[in-house]
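Reading through the structure tokens given below for one structure.
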Number of protein chains: 2
Amino acid sequence: MAITIKDIARKANVSITTVSRVINQKSEGIGDSTRKKVLDIIEELDYRPNSIARSMITKQTNTIGLIIPDIRNPFFPELVRGVEDFANQHAYNVFLCNTDGEPKRELEYISLMKEKNVDGIIFTYSCAETIHQLEEIVLDQKIPLVLLDRGVDDQKFSGVSIDNEKAGYLATKHLLDLSHTKIGCITGPAQFPNSKDRLNGYRKALKEAGIPFDQDLILAADFQMDGGYQAAKTLLAKKDITAIFAFNDVMAFGVYQAAAEQGMNIPEDVSVVGFDNINYNQLLNPKLTTIEQSVYDMGEISAKILLEQITQGGDVKNKTLYLEPSLILRESTKKLEN
Amino acid sequence: MAITIKDIARKANVSITTVSRVINQKSEGIGDSTRKKVLDIIEELDYRPNSIARSMITKQTNTIGLIIPDIRNPFFPELVRGVEDFANQHAYNVFLCNTDGEPKRELEYISLMKEKNVDGIIFTYSCAETIHQLEEIVLDQKIPLVLLDRGVDDQKFSGVSIDNEKAGYLATKHLLDLSHTKIGCITGPAQFPNSKDRLNGYRKALKEAGIPFDQDLILAADFQMDGGYQAAKTLLAKKDITAIFAFNDVMAFGVYQAAAEQGMNIPEDVSVVGFDNINYNQLLNPKLTTIEQSVYDMGEISAKILLEQITQGGDVKNKTLYLEPSLILRESTKKLEN
DNA sequence: TTGTAAGCGTTATCAT
DNA sequence: ATGATAACGCTTACAA
């Protein structure tokens with residue numbers, strides 16, 4: 001049997017109330033000698049208050065839920081770390097949940113987290129439809145929630161994301177500046193807001209340069225390497241494309257594979273721009289030019305916003321933050337010679 | 001105010017006991033009509049029992065702690081996923097904790113997990129000393145714990161790991177078979193049991209081949225890319241080394257960098273073997289020959305063992321499992337011409 | 001088949 | 001400055 005506040009009280013000849021007071025550092029009204037006595041006994045017995053019992057009363061668990069598609073996607077470890085570090089610094093623990101982007105599991109985890117009485121949730125969703133149901137589940141119970149990365153709805157929830165449109169614009173502009181005009185695009189799933197926004201940036205850059213938008217140059221994939229590979233194969237085959245903009249680095253890896261298979265060199269035959277700047281991608285040959293998003297920061301900031309909402313309680317205003325993307329120039333893009 | 005078992009009871013005109021019974025699916029003694037009535041109301045009000053309150057009584061939280069050095073190390077996402085999947089399938093949630101291998105944080109997290117009343121802990125430690133303190137903290141309270149990956153102590157705790165000695169042997173043997181005799185070794189921190197075991201395998205292979213062991217060929221690093229890079233620089237400079245065995249892939253990446261800097265080609269000038277077979281390393285040029293460990297499986301198995309211990313309660317025998325490593329032949333090793 | 005009541009380990013309220 | 005006691009929301013003997 002674990003040792004409880006009662007044991008401390010008994011051994012110190014005080015009431016459990018007193019013990020509770022010294023544990024919670026109530027400054028008011030405790031004799032110095034009593035405090036010391038209690039503290040000593042706590043130390044001696046190595047007593048730790050049972051946080052479950054505490055939670056019952058305080059309605060706080062010092063726990064947050066972090067729901068993401070898949071930690072194996074190299075984008076997420078950095079993000080998770082940002083969340084966990086900030087949370088831990090503020091005495092919170094984090095439940096990690098992988099949904100694989102399946103709507104059913106997304107909803108299940110949300111429910112589960114509610115059942116476990118987390119103080120708040122950070123959620124990277126995959127399915128737009130989930131968001132609607134979220135409102136029912138979360139909104140009326142006022143459990144703080146911040147949407148992370150995949151599109152953000154600044155009406156109903158707080159959110160953190162990069163400025164995806166700007167990012168799409170930057171990447172495309174870079175290729176245009178290198179005289180490319182036939183720029184293939186491998187997007188994420190069409191319904192993802194982040195994909196839409198990046199594509200908007202792409203169109204904007206094109207329009208600015210007076211180049212017509214060609215739907216045939218756009219292929220949707222799944223943010224996986226093989227998806228990028230398949231899409232690249234199609235793009236490289238059927239069009240006189242001189243550059244490809246992949247909406248994440250992992251898919252850009254697939255482009256590398258497809259190019260190698262077809263005996264095309266990067267960047268001589270085709271320029272490639274990625275997205276995310278995940279670790280170790282500078283090991284690629286040639287090194288990948290890509291869009292950097294401060295993933296760790298995103299995680300940290302989302303945790304910060306969440307904890308603010310938690311501590312401020314009830315009716316805080318939602319807050320949506322957009323981080324600045326930037327272009328990392330490496331070796332996979334090259335001016336088009338003619 | 002969230003809705004409780006009382007609300008259900010009141011609305012159904014039954015006692016909370018009855019409600020509790022139908023929630024927990026006690027087969028015994030509940031009238032079909034009552035059950036249906038209660039179920040309907042639960043559905044209607046979308047009631048979920050408060051797991052905190054439940055935990056107070058049952059002494060179970062359906063929660064486990066997973067303590068690792070750093071999720072950003074590409075070895076861990078796969079492992080974490082294995083744990084989380086298995087846990088989730090059995091209605092457990094997992095707290096993710098990153099220690100950066102700092103002994104202080106390792107201990108803190110263990111304590112924290114105890115305070116949060118997790119049902120068990122999966123622990124990848126970094127500091128041998130931590131293990132001693134673990135005994136005090138964990139053993140006398142019989143909180144189930146399984147040691148993962150970094151060395152295993154089959155006396156006091158359960159554990160899951162690959163057969164590191166065999167892995168070291170396999171890698172070294174492969175290089176010996178290719179006629180290499182001057183084989184540099186970049187190990188992990190010297191005190192890590194997994195490093196020691198891998199080195200033992202290296203020695204064993206050498207001995208078998210009748211080649212003397214040379215301590216100067218062995219450099220300890222930190223499992224990070226830069227550590228591998230530094231060590232490789234030293235090794236490549238001072239010795240007529242023709243092959244390097246790095247104790248993880250990330251350090252092998254560092255070897256690639258160092259080799260490139262010194263204008264050495266892999267595998268023509270130096271053969272390289274890695275360890276872990278992390279994702280995307282086949283994107284390296286040349287593709288990395290490495291030791292495969294079934295990381296996902298390790299995670300899954302550790303979760304399985306942990307849950308067994310949890311459900312069997314009290315005095316289960318500790319269980320230590322060693323998985324089989326295997327050599328993945330790719331392009332970074334080559335027969336030594338002479 | 002159903003209900004009453006005790007109790008889990010805390011904190012919060014109100015006395016003393 | 002300290003203590004008695006009622007919660008918190010549930011499960012579980014023990015009754016009925």
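Values below: every heavy atom of this structure, side chains too, minus hydrogens, waters and symmetry copies. Below, read A as the first sequence line, B as the second, and so on, with proteins coming before strands; counting in each chain starts at 1.
The residue A/Ile52 sits apart from the nucleic acid: no heavy atom pair falls under 4.0 Å. The residue A/Thr18 sits close only to the backbone: its heavy atoms come under 4.0 Å of sugar-phosphate atoms, none of a base.
Using modelled atom types, one finds a donor on one side chain and an acceptor on the other under 3.5 Å when comparing A/Thr18 with A/Ser15. For A/Tyr109 and A/Asn98, the side-chain atoms include no donor-acceptor pair closer than 3.5 Å.
Put simply, CD1 on B/Ile122 and CZ on B/Phe95 are 14.0 Å apart, with the number rounded to the nearest 0.5 Å.
Remark: A/Arg81 does not engage A/Glu300 in a salt bridge, criterion side-chain N to carboxylate O under 4.0 Å. With respect to the salt-bridge test (charged N to carboxylate O, under 4.0 angstrom), the residues A/Lys304 and A/Asp297 do not qualify.
For the pair B/Lys37 NZ and C/dT1 P, the interatomic distance rounds to 15 Å; values are reported in whole Å. Atom pair A/Asn50:CG and C/dG7:P shows a separation of 18 Å (rounding to whole Å applied). When rounded to the nearest whole Å, the span between CD1 of B/Ile23 and C1' of D/dC10 equals 9 Å. In this structure, A/Lys36 atom NZ and D/dA1 atom C1' are separated by 19 Å, rounded to whole Å. A/Asn62 places its CG atom 14 Å from the C1' atom of C/dT10, with the value rounded to the nearest Å. A/Ile57 places its CD1 atom 12 Å from the C1' atom of D/dT5, with the value rounded to the nearest Å. When the C1' atom of C/dT2 is taken as reference, atom CG of B/Asn13 falls 13 Å away, rounded to whole Å. Atom CD of B/Gln60 and atom P of C/dC8 are 18 Å apart (whole Å).
Residue A/Lys59 has no polar side-chain atom (N or O) positioned under 4.0 Å from OP1 or OP2 of C/dT11. Side-chain N/O atoms of A/Ser20 include one lying less than 4.0 angstrom from OP1 or OP2 on C/dT11. A sub-4.0 Å separation between OP1 or OP2 of C/dG9 and a side-chain N or O of A/Thr4 is absent. Taking side-chain N and O atoms only, B/Thr34 has a distance below 4.0 Å to OP1 or OP2 of C/dT2. Applying the 4.0 Å criterion to OP1 and OP2 of C/dT11, one finds that A/Asn24 has a side-chain N or O inside that range. Within the 4.0 Å cut-off from OP1 or OP2 of C/dG9, not a single side-chain nitrogen or oxygen of A/Tyr47 is found.
For B/Thr17 against C/dT4, a side-chain-to-base donor-acceptor contact under 3.5 Å is present.
Taking the six-membered ring for Trp and thresholds of 30 and 60 degrees, A/Phe223 and A/Phe192 have ring planes inclined between 30 and 60 degrees apart.
Of the candidate nucleotides C/dT11, D/dG3, D/dT11, D/dG3 has the atom nearest to the side chain of A/Arg21.
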Step by step, work out the side-chain contact (heavy atoms from CB on, under 4.5 Å) result for B/Val80 and B/Leu66. CA-CA 8 Å; B/Val80 168; B/Leu66 175 53; 3.9 Å; yes
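Summary of helix geometry: the two end axes of the helix from C/dT1-D/dA16 to C/dT16-D/dA1, each defined by five base pairs via their C1' atoms, are inclined to each other by 40° (rounded to 10°).
Applying the side chain to side chain donor-acceptor pair (under 3.5 Å) test to B/Asp40 and every residue at least two apart in sequence or in another chain returns B/Lys36.
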